[in-house]
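Here is the naming used below: chain letters follow the sequence lines, and residue numbers restart at 1 for every chain. Since we're looking at a predicted model, the values are computed, not measured.
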Number of protein chains: 2
Amino acid sequence: MPLNIYDISRRAGVSIATVSRVLNNSPHVSENTRKKVMAVIEGCGYVPNAFARGLGLNSMQTIGLLCPNASDPYLAQALANLERSFRAHGYDCLLSCTDKELSARMQGVELLRTRHVDGMVLMGSSFIEAEDRNNDFIREAAKAVPILLLNGSFPCDNVYGVLCDDQRAACEATQLLLDSGRRRILYLYHSQNYSGRKKLAGYCDALASRGVELDESLMSYFGEDKTSVYQVRDHLLALERQGLEFDAVFTSEDILAVGAVKYAIAAGKKVPDDLSIIGYNNSSYCLCCNPELTSVDNKLSAICDHIVATMMGVLEGREMPQKTVFTGEIIRRGSTL
Amino acid sequence: MPLNIYDISRRAGVSIATVSRVLNNSPHVSENTRKKVMAVIEGCGYVPNAFARGLGLNSMQTIGLLCPNASDPYLAQALANLERSFRAHGYDCLLSCTDKELSARMQGVELLRTRHVDGMVLMGSSFIEAEDRNNDFIREAAKAVPILLLNGSFPCDNVYGVLCDDQRAACEATQLLLDSGRRRILYLYHSQNYSGRKKLAGYCDALASRGVELDESLMSYFGEDKTSVYQVRDHLLALERQGLEFDAVFTSEDILAVGAVKYAIAAGKKVPDDLSIIGYNNSSYCLCCNPELTSVDNKLSAICDHIVATMMGVLEGREMPQKTVFTGEIIRRGSTL
DNA sequence: GGAGATGCTGTAAACGCTTTCATAAACGCT
DNA sequence: AGCGTTTATGAAAGCGTTTACAGCATCTCC
């Protein structure tokens, strides 16, 4: 039987209203009473009941984190960053992992309806559909609480995007390959989501900027499961057998680039001499390969910090920028010339 | 202004008690009223207020997940598994990441005191200290809610351990190295926690079983930060310069084994011909190396499933085994003969 | 036909806070 | 001294549930 606010009020010789005011840092308490009440509170280690507080305030200082795939080290890193930072601001995080995009939507809505989270972070732009009518769930949720998009952008009130300029970064990565003499650059991607489309656009931009013609047969899609390393390797081997020529690979995720390295090993090609490879995310996978992977650092920790700052700002009623764009940076390692 | 239980009771022509009974599947409701009330509830999409419910029941169906390092792919995978499974049972998960062990304890207690979680999962045995008096926080927390240990064991009421027999698995892994002719086996480990100690014991068991003398200079400790890949590489290079001889490496985590591969590359040694390497966890890092890493699969997903099942059992008042041990399995890949 | 079960439903009291409103005290001013 | 203003406090009404308890039919069985 933990203590309640009545116990404190009795011991401090004040009313529960005063105790409540002390707890909530209300200015309408004299310095004297504040001290007296605080002394009692600390003396007996009283902690206000969060459920009752939630009932009164209709909030429990909770943020929902919707994560499409927590086992991806990149998103896992984001998860850790976000959680730590929100906690520092006094907010706890409810996690909601999900494989399938459809259920992701449901879970987001559920989190809102059943847990009354104060805000949600959609981690990864896979939440944003190309077909706009499928995005109603975001618009709907945004009516209730602020929605923050990690690596996405969406024009809607109360929705805030914090992202890397993937188009530009992808363009620069591709240009790096082109400018080292490569002409047949494979583009491998995981999913056709918001940032996936941006990266593709950047890839095209780069080709255009160097006067290289786009060849659709150089672009391949892969599912999101764990076996994609082998999938990529086998796919590239198959392409080679079919006579397709390529001298570089650019991927939308590091794990796919790992697959490209596997291919090179299987095909007896030297990286980067015979095949240049650039990944995306600059995740811990990059250091595991030999040679180590050149990759695009898309400023995850800055993005996470900014997401938390924006969420806090919005929750405190401040005006916040609807879209913040960071500039990616290519981290050159051994997989490129 | 969402609907409340009074709105439903009015529309259904019953009292709020009856509505509540319908919502909680109480048997004391006639089939007729149940149907009538359900129809109203579904008709208007009513969802009971979780805060009020929490206040009444002193529970919000929430599990606290204490994760020492969410950016580790292995733990991230566990996080995803646990969350999905708890959600399927109607429980949401509050995440609490932490780098430092001390603050981990604080956060666990805080989660309990401020959030009234119904149970906690301590992910990774780094929560269990070698010095027993430092484990009071577990004992304390266990008085309030069931505590589940992922990869740990702790003799205390209301604390349940689900783990892999790391000692045996480490022994078998080391024996595998010994039986392929290796005699000078480095053991690299991340931290001196519960499972760290077990693995060490297994390593020693294996040496004893084959009559090989233990050499303390073959054991090295590394911190937990991300740079450990390079740390390991440089450390091994230094050992080599000092004249220490070794023909195999066994590590407590895959990421350290990746560092050993880096060392082999830097030192111009062939894996596995000049140097055999075995990691631990069978994480996604294993596939990134060349050759791919032999590693101990410690049955993460089985452990996670069992954690959730045990937690649910305890919460439903059933008797549950205090300790469940899975048997690890060595996954042989290219880094061993 | 009435006593005693049995089954269903409603009333009202928690649960532990926040917050509005009223009141009382203290203060400054003429 | 008297008045209006400001400041500090308390009483009480929510917030939306759960649940103990009471009440009322209906039924069973002598």
Can you see if the side chain of [X] gets near the phosphate of [N] - specifically, an N or O under 4.0 Å from OP1 or OP2?
X       : N      : value
B:Asn49 : D:dG16 : no
B:Tyr46 : D:dG16 : no
B:Arg53 : D:dT18 : yes
A:Ser30 : D:dT9  : yes
B:Arg21 : C:dC8  : no

Does any residue of residues 7-19 of chain A have a heavy atom under 4.0 Å from DNA chain C, and if so, which ones, in number order?
A:Ile16, A:Ala17
Mind checking salt bridge (Lys or Arg N to Asp or Glu O under 4.0 Å) for A:Asp72 and listing every partner two or more places apart, or none if nothing turns up?
none
To the side chain of [X], which of [options] is closest?
X       : options               : result
A:Ser20 : C:dT9, C:dT18, D:dT17 : C:dT18
A:Val29 : D:dT17, C:dG16, D:dT9 : D:dT9
B:Ile5  : D:dT18, C:dT18, C:dT9 : D:dT18
B:Leu57 : C:dT9, D:dG10, D:dT18 : D:dT18
A:Ala52 : C:dT9, D:dT19, C:dC17 : C:dC17

Is the shortest distance from a Lys or Arg side-chain nitrogen in A:Arg87 or A:Glu83 to a carboxylate oxygen in the other one below 4.0 Å?
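A salt bridge is present here (some side-chain N lies under 4.0 Å from a carboxylate O).
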So what does B:Tyr6 touch, heavy atoms closer than 4.0 Å: a base, only the sugar-phosphate, or nothing?
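The residue B:Tyr6 makes base contact.
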Taking any heavy-atom pair under 4.0 Å as a contact, classify A:Asn24: base, sugar-phosphate, or nothing.
sugar-phosphate
Chi angles and distances behind the side-chain hydrogen bond (donor to acceptor under 3.5 Å, both in side chains) call for A:Asn4, A:Tyr46:
CA-CA 8 Å; A:Asn4 64 22; A:Tyr46 164 72; over 6 Å; no
Between B:Asp118 and B:Ser59: side-chain donor-acceptor atoms closer than 3.5 Å
yes
Taking only residues two or more places apart in sequence or in another chain, which ones pass side chain to side chain donor-acceptor pair (under 3.5 Å) with B:Arg11?
none
Applying side chain to side chain donor-acceptor pair (under 3.5 Å) to A:Tyr194 and not counting sequence neighbours gives none
Quick one: are B:Leu94 and B:Ile63 in side-chain contact, heavy atoms under 4.5 Å?
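The answer is no; the side chains never approach within 4.5 Å.
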Can you name the atoms? Protein N/O to nucleotides 24-26 of chain C N/O, anything below 3.5 Å, with the distance.
none

Using five pairs at either end of the helix from C:dG1-D:dC30 to C:dT30-D:dA1, determine the angle between the two local helix axes and round it to 10 degrees.
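Rounded value for the end-axis angle: 40°.
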Rounding to a whole Å, what distance do you find between B:His28:NE2 and C:dT6:C1'?
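From B:His28 NE2 to C:dT6 C1': 11 Å.
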